[in-house]
Asker: 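My questions all concern the structure below.
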Amino acid sequence: QGQPVESGGGSVQAGGSLKLSCVGDTYTYSPYCMSWFRQGPGKEREAVAAVSAHGARTFYSDSVKGRFTVSVDNAKRTVYLQMNNLKPEDTAMYYCAVNPRKWCSDWWTGVHEYAIWGQGTQVTVSS
């Protein structure tokens, strides 16, 4: 299974928007769970959002709920993270991670649940 590739990061001012993409072949076949994590300077990696195959279920951390939207386009083998109303505390390296063996569920926030990770894309939000 190939490594997914993230893109779409950049620098924006607070209140702005960015849309991240993650492309790969790992999640062509269901079941799978694709998640976005982030890691800020000096912080631990934290779960942001997750989506099961075909977008049937989505999950969000409390810190991004209502501002971020995760979606999947199976035909393009791409998972997206639309980020609106960005805040300086959203500044981090964003990673996509894949569990190709099971549907997303309550375990989705566990870093150890994912064996496949992308290289990350940097998001910087200035005040």
Side-chain angles (χ1 to χ4, degrees):
Q1 291 164 331
Q3 184 179 37
V5 178
E6 304 96 333
S7 63
S11 297
V12 296
Q13 291 190 327
S17 298
L18 285 173
K19 187 174 185 177
L20 306 184
S21 301
C22 180
V23 183
D25 61 2
T26 305
Y27 31 92
T28 301
Y29 309 102
S30 59
Y32 70 77
C33 180
M34 162 63 73
S35 295
W36 288 95
F37 284 74
R38 67 185 181 187
Q39 188 165 16
K43 297 181 180 180
E44 294 186 353
R45 193 165 296 191
E46 63 170 344
V48 175
V51 59
S52 281
H54 311 297
R57 294 191 70 186
T58 57
F59 300 79
Y60 298 94
S61 67
D62 288 343
S63 61
V64 306
K65 198 172 295 182
R67 300 188 297 123
F68 291 11
T69 303
V70 63
S71 61
V72 59
D73 185 331
N74 288 292
K76 295 183 179 180
R77 301 180 292 114
T78 301
V79 174
Y80 303 98
L81 185 67
Q82 176 67 47
M83 305 185 296
N84 298 328
N85 191 22
L86 283 161
K87 304 175 180 180
E89 51 263 43
D90 294 319
T91 295
M93 184 71 79
Y94 283 71
Y95 301 89
C96 63
V98 184
N99 183 318
R101 291 184 171 81
K102 52 186 179 181
W103 306 103
C104 298
S105 186
D106 292 342
W107 54 264
W108 75 276
T109 60
V111 173
H112 64 283
E113 295 282 357
Y114 303 87
I116 302 168
W117 292 82
Q119 294 285 355
T121 185
Q122 177 68 38
V123 172
T124 303
V125 185
S126 58
S127 57

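Excluded from the calculations below are hydrogen atoms, water molecules and symmetry mates; all remaining heavy atoms, backbone and side chain alike, are included. Everything numeric in this text was worked out from a predicted model, so none of it was measured.
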Asker: Taking only residues two or more places apart in sequence or in another chain, which ones pass side chain to side chain contact (heavy atoms under 4.5 Å, CB included) with Ala50?
Answerer: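 Cys33, Ser35, Phe59, Cys104, Trp108.
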
Asker: Excluding sequence neighbours, so at least two apart, what forms side chain to side chain contact (heavy atoms under 4.5 Å, CB included) with Thr58?
Answerer: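 Testing Thr58 for side chain to side chain contact (heavy atoms under 4.5 Å, CB included), a comparison that skips the adjacent residues, returns Val51, Tyr60, Val70.
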
Asker: Would you indicate whether the side-chain heavy atoms of Cys96 and Val79 approach each other to under 4.5 Å?
Answerer: no

Asker: Going through the checks in order, is the side chain to side chain contact (heavy atoms under 4.5 Å, CB included) test met by Tyr32 and Val72?
Answerer: CA-CA 12 Å; Tyr32 70 77; Val72 59; 3.1 Å; yes

Asker: Between Val125 and Leu81, is there a shared hydrophobic cluster once you connect ILVMFWY residues whose side-chain heavy atoms come closer than 4.5 Å?
Answerer: yes

Asker: Does Tyr94 have any ring pair (Phe, Tyr, Trp, His ring centres under 6.0 Å) partners at least two apart in sequence or in another chain, and if so, which?
Answerer: none

Asker: Do Met93 and Met83 land in one hydrophobic cluster if side-chain heavy atoms of ILVMFWY residues count as linked below 4.5 Å?
Answerer: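 Per the 4.5 Å side-chain linkage, Met93 and Met83 are not co-clustered.
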
Asker: Under the salt bridge (charged side-chain N to carboxylate O under 4.0 Å, His left out) rule, collect the residues that match up with Lys19, sequence neighbours excluded.
Answerer: none

Asker: Please find the pair of heavy atoms, one from Pro4 and one from Ile116, that lie closest to each other, and give the distance.
Answerer: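 Minimum heavy-atom contact is CD-CG2, 3.4 Å.
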
Asker: Is there a side-chain contact between Trp117 and Val111 in this structure, where contact means two heavy atoms from C-beta onward sitting under 4.5 Å apart?
Answerer: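 Of all side-chain heavy-atom pairs linking Val111 with Trp117, at least one is under 4.5 Å.
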
Asker: What are the two closest heavy atoms between Ala92 and Gln122, and how far apart are they?
Answerer: O-NE2, 3.4 Å

Asker: Go through the structure and list residues passing side-chain hydrogen bond (donor to acceptor under 3.5 Å, both in side chains) with Gln82, not counting sequence neighbours.
Answerer: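 Partners of Gln82 by the side-chain hydrogen bond (donor to acceptor under 3.5 Å, both in side chains) criterion, ordered by chain and then number, come out as Asn84.
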
Asker: Linking Ile, Leu, Val, Met, Phe, Trp and Tyr by side-chain heavy atoms under 4.5 Å, what else ends up with Tyr80?
Answerer: none

Asker: Do you know which two heavy atoms are closest between Val123 and Leu20, and how far apart they sit?
Answerer: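 Minimum heavy-atom separation between Val123 and Leu20: CG2-CD2, 4.1 Å.
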
Asker: Sequence neighbours excluded, which residues qualify as side-chain hydrogen bond (donor to acceptor under 3.5 Å, both in side chains) partners of Asp106?
Answerer: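 Asp106: no side-chain hydrogen bond (donor to acceptor under 3.5 Å, both in side chains) contacts found.
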
Asker: Taking side-chain hydrogen bond (donor to acceptor under 3.5 Å, both in side chains) as the definition, give me every residue that meets it alongside Asp73, ordered by chain and number, with sequence neighbours left out.
Answerer: none

Asker: Would you say Phe37 ends up clustered with Val23 if hydrophobic residues are merged whenever their side chains have heavy atoms under 4.5 Å apart, either directly or through other cluster members?
Answerer: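 No, Val23 and Phe37 fall in different hydrophobic clusters.
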
Asker: When you measure from the side chain of Glu6 to the backbone of Gly120, do you find a donor-acceptor pair of N or O atoms at a distance under 3.5 Å?
Answerer: yes

Asker: Supply the atom-to-atom distance Met34 CE to Trp36 CH2, rounded to the nearest 0.5 angstrom.
Answerer: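 Taking CE in Met34 and CH2 in Trp36, the distance rounds to 7.5 Å.
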
Asker: Is there any salt bridge (charged side-chain N to carboxylate O under 4.0 Å, His left out) pair reaching into residues 80-100, and which pairs are they, with sequence neighbours excluded?
Answerer: Arg38-Asp90, Arg67-Asp90

Asker: Enumerate the residue pairs fulfilling disulfide (SG to SG under 2.5 Å) with a member in residues 42-73, sequence neighbours excluded, ordered by first and then second residue.
Answerer: none

Asker: By salt bridge (charged side-chain N to carboxylate O under 4.0 Å, His left out), which residues pair with Arg45, not counting sequence neighbours?
Answerer: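 With sequence neighbours excluded, Arg45 shows a salt bridge (charged side-chain N to carboxylate O under 4.0 Å, His left out) to no residue whatsoever.
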
Asker: With a sphere of 6.0 Å drawn around CD of Gln119, does it hold more than 12 non-hydrogen atoms of other residues, nucleotides or ligands?
Answerer: no

Asker: Less than 4.5 Å apart, any side-chain heavy atom of Ser61 and any of Thr109?
Answerer: no

Asker: Within a strict 4.5 Å, meaning less than it, do heavy atoms of the Phe68 and Leu86 side chains meet?
Answerer: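 They are in side-chain contact.
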
Asker: Partners of Tyr95 by side-chain hydrogen bond (donor to acceptor under 3.5 Å, both in side chains), sequence neighbours excluded?
Answerer: none

